[in-house]
Amino acid sequence: MEGREEMQGAVGLRCTWDIPPPAGTQAKWVRLNVGGTVFLTTRQTLCREQKSFLCRLCQGEELQSDRDETGAYLIDRDPTYFGPILNFLRHGKLVLDKDMAEEGILEEAEFYNIGPLIRIIKDRMEEKDYTVTQVPPKHVYRVLQCQEEELTQMVSTMSDGWRFEQLVNIGLSYNYGNEDQTEFLCVVSKELYNSPSGLSSEPSHKAK
């Protein structure tokens, strides 16, 4: 696969980096003060994604950042969502608590400019949206009243997804010509599928 990362798995979508971090960045510890919470990691971890804000910050190339009294870089962001981002840089796997919003992680990933993580979260959100739109079909029923002589023709000519469910003799009879005719109630049904736009297919006029 082309590029620096390779994604695989489902819930544990992974990204492994093939290109090592720049020389001189390994085994050097960095303290980050994110929204009042201190995180301790290495330059090697932060530079796994070399175009990210975090890599540029700890290398001190282009960004200027204040530090707290312990020397930790001050970053005015939500620490709740920083943990999963840091763990992603550590082992290439996105792990979220059940109550953690993917939208929040996406916003932070975009702020820190971590491209592989942005793609993984967007893919997960698209899959979730697709699943939500797959609404089970609804069954619609129609009850038709017909004479005995019309019954066979009516059932045989049903179309557009309508199917015969039940026949009920309503006990009424009358004289039609020289023959006694019985009236029936014929129950038919059809499945209606909801489209992503929320529109449903309409029942055929033949069974209305």
Side-chain angles (χ1 to χ4, degrees), residues 1-68 72-136 193-199:
M1 179 178 179
E2 230 177 301
R4 296 169 49 207
E5 67 278 350
E6 175 186 354
M7 287 180 274
Q8 61 185 14
V11 176
L13 291 170
R14 299 186 66 87
C15 171
T16 58
W17 289 268
D18 297 326
I19 299 177
T25 62
Q26 299 186 15
K28 293 184 178 180
W29 292 93
V30 179
R31 293 171 65 87
L32 303 171
N33 186 333
V34 182
T37 301
V38 176
F39 295 85
L40 184 63
T41 185
T42 64
R43 295 180 186 272
Q44 178 181 3
T45 295
L46 297 180
C47 289
R48 286 280 172 77
E49 180 56 35
Q50 296 179 31
K51 295 181 180 180
S52 71
F53 167 88
L54 296 171
C55 182
R56 294 164 57 200
L57 177 67
C58 71
Q59 287 180 332
E61 294 180 353
E62 305 174 21
L63 303 178
Q64 297 293 326
S65 176
D66 294 333
R67 301 189 182 220
D68 65 11
Y73 291 103
L74 287 167
I75 303 176
D76 186 21
R77 303 297 293 185
D78 189 342
T80 303
Y81 295 105
F82 186 74
I85 288 178
L86 183 58
N87 284 331
F88 177 81
L89 292 174
R90 284 168 172 158
H91 48 63
K93 185 176 181 181
L94 176 60
V95 179
L96 301 179
D97 293 337
K98 62 179 181 178
D99 297 327
M100 189 169 291
E102 292 177 337
E103 291 83 356
I105 297 294
L106 177 60
E107 184 176 345
E108 296 304 296
E110 290 176 339
F111 172 80
Y112 294 112
N113 192 30
I114 304 176
L117 180 56
I118 293 172
R119 290 192 291 273
I120 287 175
I121 298 175
K122 286 185 176 180
D123 288 343
R124 286 179 56 163
M125 292 174 65
E126 287 177 1
E127 290 178 4
K128 185 178 296 185
D129 290 342
Y130 176 80
T131 302
V132 170
T133 59
Q134 303 306 299
V135 181
Y193 293 88
N194 288 334
S195 65
S197 64
L199 299 177

To check you understand the geometry: which heavy-atom pair defines the closest contact between [X] and [Y], and what is its length?
X      : Y      : result
Leu117 : Ala109 : CD2-CB, 3.8 Å
Leu94  : Phe88  : N-CD1, 3.9 Å
Asp68  : Asn33  : OD2-ND2, 2.9 Å
Thr80  : Asp78  : N-OD1, 2.9 Å
Lys51  : Arg56  : O-CD, 4.1 Å
Cys55  : Glu49  : CB-O, 3.6 Å

Pairwise distance CG(Leu89) to CD1(Ile114) - rounded to 0.5 angstrom: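 If we round to the nearest 0.5 Å, Leu89:CG and Ile114:CD1 are 4.5 Å apart.
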What is the distance from atom CD1 of Ile121 to atom CD of Glu110, rounded to the nearest 0.5 Å?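 Nearest 0.5 Å value for the CD1-CD distance: 8.5 Å.
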Tell me whether Glu102 at atom CD has more than 12 heavy atoms from other residues, nucleotides or ligands lying less than 6.0 Å away.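 Yes, enclosed.
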Cation-pi between Arg67 and Tyr73: NZ/CZ under 6.0 Å from ring centre and within 45° of the ring axis?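 Yes, Arg67 lies over the aromatic ring of Tyr73.
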As a quick check of understanding, evaluate side-chain contact (heavy atoms from CB on, under 4.5 Å) for Val38 and Leu32, giving each step before the final call. CA-CA 6 Å; Val38 176; Leu32 303 171; over 6 Å; no
May I have the step-by-step check of side-chain contact (heavy atoms from CB on, under 4.5 Å) for Leu46 and Leu86, ending in yes or no? CA-CA 8 Å; Leu46 297 180; Leu86 183 58; 4.1 Å; yes
Counting distance only, does the side-chain N/O of Arg48 pair as donor-acceptor with the main-chain N or O of Arg90 below 3.5 Å?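 Between the backbone of Arg90 and the side chain of Arg48 there is a qualifying donor-acceptor contact (under 3.5 Å).
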Taking Asp97 for the side chain and Asp99 for the main chain, is one N or O donor matched with an acceptor at less than 3.5 Å?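 No, the answer is negative, given that no donor and acceptor are paired below the 3.5 Å cut-off.
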Would you call Leu96 and Ile105 a side-chain contact if the rule is heavy atoms closer than 4.5 Å?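 The answer is yes; the side chains approach within 4.5 Å.
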Should Leu54 and Ile75 count as side-chain neighbours, where that means a heavy-atom distance under 4.5 Å?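 Yes, at least one pair of side-chain atoms sits under 4.5 Å.
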Parallel, tilted or perpendicular: rings of Phe82 and Phe39 (30°, 60°):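 Perpendicular.
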